[in-house]
Structures are given as structure tokens and as C-alpha cells.
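Starting from 1, each residue takes its place in the sequence as its number.
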Amino acid sequence: MLTIWVPLLSGLVLLVVGGEFLVRGAVRVAERLGVSPLVIGLTLVGFGTSTPELVTSVRAALADAPGIAYGNIVGSNIANVLLIGGLAALLAPISVGSAALKRDGGVMILAAVAFVALAASVSMSRVVGFAFVIALALYIYASFRMERNTTGREHGAAYEKAAALEAIDPAVVPDGPDGPGLWPSVATALGGLVLVVLGGGLLVDGAVALARSMAISETVIGLTIVAVGTSMPELVTSVVAAIRRQSDVAFGNIVGSNIYNLLGIGGITALIAPTEVPSQIVAFDNPVMLGVSCILIGFAFTGLSITRREGAALLAGYGVYLWWIWPA
């Protein structure tokens with residue numbers, strides 16, 4: 001079993017560590033090139049915690065393991081809502097801004113509906129992937145326009161997702177001319193990229209080997225072990241935000257991550273390695289993802305908060321989900 005678990009766990013570590021260095025280096029490079037802090041936050045920092053999911057899904061798709069590629073995306077979104085949202089709400093009730101809820105919550109639901117519908121009717125082709133990436137670009141642009149004109153304290157999910165990471169890792173915050181120069185920053189970003197690529201390969205290889213050794217489908221491994229493992233950055237940032245009573249940031253991190261996962265990771269994966277979504281995911285897990293996303297928004301609408309009782313319900317729901325899909 002060591003030949004399975006060592007690559008699997010090593011891959012997860014390399015993905016997380018490499019992703020952090022990649023974001024740190026990319027932020028510094030963008031800053032040295034004159035990119036505004038707001039654009040950096042909405043793109044490089046905002047997408048930073050989704051790097052493990054991105055690399056893993058692309059590597060899995062290229063390795064002809066669509067169950068891991070799309071199980072990782074769908075499973076991460078389910079874990080974001082039920083596991084991470086539930087745990088964060090148990091630690092501290094999550095407050096929700098009305099504007100972010102209506103706008104970003106609506107985008108998350110629309111993205112989920114589009115993913116579910118297209119996965120059930122057509123393959124994840126390059127055309128679909130291109131459309132998803134364009135949709136994400138439009139969402140980020142709209143978020144930039146909104147944040148640039150914001151005068152109050154209420155922000156959107158894309159902004160809060162970046163703020164959640166910046167709160168626990170000051171190294172990703174643009175620091176002006178006193179930070180490292182351009183070429184050291186480029187080296188940091190490239191080093192991080194090498195680590196995440198190596199980590200993604202190890203994780204996919206370990207996940208495939210685990211599925212074969214336990215006679216479990218790659219899809220189930222992708223939906224559970226891989227999805228939770230690659231969601232660790234979101235888990236850490238949301239839990240820390242809840243502990244610090246920055247619960248609005250926790251909600252934005254979850255919603256923003258789900259949008260980035262579906263449109264960004266799903267789109268890029270389809271662009272690089274177009275394939276069909278496994279029938280198990282289409283028939284069961286996609287509807288679950290859409291359903292729990294609607295439940296999260298429904299909870300948020302009641303009093304513009306997610307209470308501890310609702311958080312416990314979300315966590316219990318994740319336990320039921322794992323019990324249902326994991327073979328006896």
C-alpha cells in the first residue's frame with residue numbers, strides 16, 4: 001500500500017505547497033509589471049486556491065481518467081458546500097451580504113445548471129470549454145467593475161475569495177517596491193509551477209492505483225479522496241475566516257471557489273483534454289451538486305446568514321453523501 005499512499009499524499013503536499021509558491025511568485029511578477037492590486041486579487045489570488053483542482057483535473061483528463069478529472073470538480077463543489085460550509089458555520093454563524101448573495105449566488109447556480117445540462121446532453125468539448133472560460137472572464141470583469149465602484153463594505157464573492165487567502169497568507173498581498181524583484185519572483189512562480197505539475201501527476205497516479213487496488217471506481221475516488229484533498233486550501237481559508245469571525249469572507253470563498261471550479265477548471269480541462277463526463281456523475285453527483293448549491297443559497301436567504309444548526313445539517317448531509325456513494 002505504500003506504493004499507493006506515498007504518491008497520493010506526496011502529490012497532495014506538492015500541490016498545496018507548489019500552488020502557494022506559484023501564487024506568491026505570480027502576484028509579485030504582476031505587481032512588478034504594473035498590474036493593479038484589485039486585478040491581481042480577482043485573478044491570481046482569487047484563482048490561487050483552485051490551482052490544485054485545476055492541475056489535478058487536467059492531468060487526470062490527459063491520463064484518460066475522466067472519473068478523477070470531473071469527479072474532482074464536482075466532488076470539490078459538493079465538499080465546499082457541505083463539508084467546508086458546514087464546518088465554518090458550526091465554528092461561527094456565517095453572515096451573508098444581500099448584494100453578493102443575489103449576484104454571486106445566482107452566478108453559482110447558473111454555472112451549476114449549465115454544467116449539469118451540458119454534461120448530460122453533450123460531451124465536454126473544446127467549444128464548451130471555451131464558452132466556460134469566456135463566461136468566467138466576463139464574471140471576473142463584472143466583479144472588477146463592481147469592486148472598483150464600491151463605496152461601502154459589501155463585496156462580491158470573487159473579492160472575498162481573494163481576501164480569505166490574503167488573510168492567512170500575507171505573502172500573496174502586493175507589497176509595493178520593497179518586495180523581491182522581477183526575476184526572483186519569476187523563479188518563485190516557475191518553481192511553484194513545477195511542483196504543482198509534479199504533484200498533480202503523483203496524485204492522479206496514486207488515485208488510479210488506489211481505485212484498482214480497492215476495486216473501487218476512479219469516479220468515486222475522484223469525488224471523495226481527491227476532491228477533499230485538493231479542496232484543502234479552501235477548507236483552511238474558510239475555517240480561519242470563521243475562527244476570526246470574518247464569516248462573510250467564508251461565504252464568498254465557498255461561492256467564489258464553486259464558480260471558479262465549474263467555469264475555470266471545467267472549462268480549461270475541456271479545452272486541453274475534451275472528454276465525456278462519466279455517466280455516474282451525470283446521473284447522480286451532478287444533480288447532488290446542483291441541489292446542495294441551491295440549499296446553501298436557500299439557507300443564506302433566511303436571515304442573510306447560515307446558522308450553526310444549518311451548518312450541522314450541511315455536515316450531516318456530507319456524511320450521508322459519502323455513505324451513499326462509497327461501496328459497502
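- T51 has its side chain out of reach of E20: every pair of non-hydrogen atoms, C-beta onward, lies at least 4.5 Å apart.
- One hydrophobic cluster holds both V239 and M232 under the rule that ILVMFWY side chains link at heavy-atom gaps under 4.5 Å.
- Of the listed residues (T307, I94, V81, I306), just one forms a side chain to side chain contact (heavy atoms under 4.5 Å, CB included) with F299, and that residue is I306.
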Q.
Please evaluate residues N258 and L296 with respect to the criterion side-chain contact (heavy atoms from CB on, under 4.5 Å), reporting the C-alpha separation (whole Å), side-chain torsions for both, the decisive distance (0.1 Å), and the verdict.
A. CA-CA 12 Å; N258 280 14; L296 178 72; 5.8 Å; no

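- A donor and an acceptor atom, one from each side chain of N72 and T56, are nowhere located under 3.5 Å apart.
- Closest of all the heavy-atom pairs between A270 and S125 is CB-O, 3.5 Å.
- Smallest separation of non-hydrogen atoms from G266 and M124: O-CE, 4.3 Å.
- Linking ILVMFWY side-chain heavy atoms closer than 4.5 Å, directly or via other members, places F132 and L271 in a single hydrophobic cluster.
- Note on L290: it does not cluster hydrophobically with V320, by side-chain heavy-atom contacts below 4.5 Å among ILVMFWY residues.
- No donor-acceptor distance shorter than 3.5 angstrom exists from the side chain of S305 to the backbone of S95, with no hydrogens or angles considered.
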Q) Please walk me through it: do F251 and L101 pass side-chain contact (heavy atoms from CB on, under 4.5 Å)? A) CA-CA 9 Å; F251 177 80; L101 174 61; 3.9 Å; yes

Q: Using the side-chain contact (heavy atoms from CB on, under 4.5 Å) rule, take L263 and V133 through it: C-alpha gap first, then chi angles, then the decisive distance, then the call.
A: CA-CA 6 Å; L263 299 181; V133 171; over 6 Å; no

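- In this structure Y260 satisfies the ring-ring contact (aromatic ring centres under 6.0 Å, His included) test together with F47, sequence neighbours excluded.
- Remark: side-chain polar atoms of T237 are paired, donor with acceptor, to backbone N or O of E234 under 3.5 angstrom.
- With R59 contributing its side chain and V197 its backbone, the two residues share a donor-acceptor pair below 3.5 Å.
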Q. So Q280 and V220, side-chain contact (heavy atoms from CB on, under 4.5 Å) or not? Walk me through it.
A. CA-CA 9 Å; Q280 175 184 337; V220 170; 3.8 Å; yes

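- The backbone N or O of A227 sits less than 3.5 Å from a side-chain atom of T230, completing a donor-acceptor pair.
- To the nearest 0.5 Å, atom CG of residue L198 and atom CG of residue L193 are 9.5 Å apart.
- Separation of atoms CG (D64) and OG1 (T275) is listed at 6.5 Å; rounding is to 0.5 Å.
- The nearest pair of heavy atoms linking E276 to S123 is CG-CB, 3.6 Å.
- Residues I73 and S57 have side chains in contact (heavy-atom distance under 4.5 Å, counting atoms from C-beta outward).
- How far CD1 of I259 is from CG of N77: 10.0 Å, rounded to the nearest 0.5 Å.
- Of all heavy-atom pairs spanning S50 and I265, the tightest one is O-CD1, 3.5 Å.
- Going from atom CD1 of I78 over to atom CG of L83 covers 11.5 Å, rounded to the nearest 0.5 Å.
- Of all heavy-atom pairs spanning G200 and V55, the tightest one is CA-CG1, 4.0 Å.
- Within the 4.5 Å cutoff, the side chain of Y321 has heavy atoms near those of the D285 side chain.
- For the atom pair CG of N80 and OG of S231, the computed distance is 5.0 Å after rounding to the nearest 0.5 Å.
- With hydrophobic clusters built from ILVMFWY side chains whose heavy atoms lie under 4.5 angstrom apart, F130 shares a cluster with V277.
- Using cut-offs of 30° and 60° for the angle between ring planes, the W324 and F284 rings count as parallel.
- Note that the CD1 atom of I281 and the OH atom of Y70 stand 9.5 Å from one another [nearest 0.5 Å].
- Contact check for T188 versus P184: no side-chain heavy atoms found under the 4.5 Å cut-off.
- Taking all atoms of both residues into account, the shortest heavy-atom contact from A89 to R308 is O-CG, 3.3 Å.
- Note: the hydrophobic cluster containing L14 does not contain I68 (ILVMFWY, side chain heavy atoms under 4.5 Å, direct or indirect links).
- Around CZ of F21, the count of heavy atoms belonging to other residues, nucleotides or ligands within 6.0 Å does not exceed 12.
- Residues D104 and E160 are not in side-chain contact: their nearest non-hydrogen atoms beyond the backbone lie 4.5 Å or more apart.
- Counting non-hydrogen atoms of other residues, nucleotides and ligands closer than 6.0 Å to CZ of R212 gives a total of 12 or fewer.
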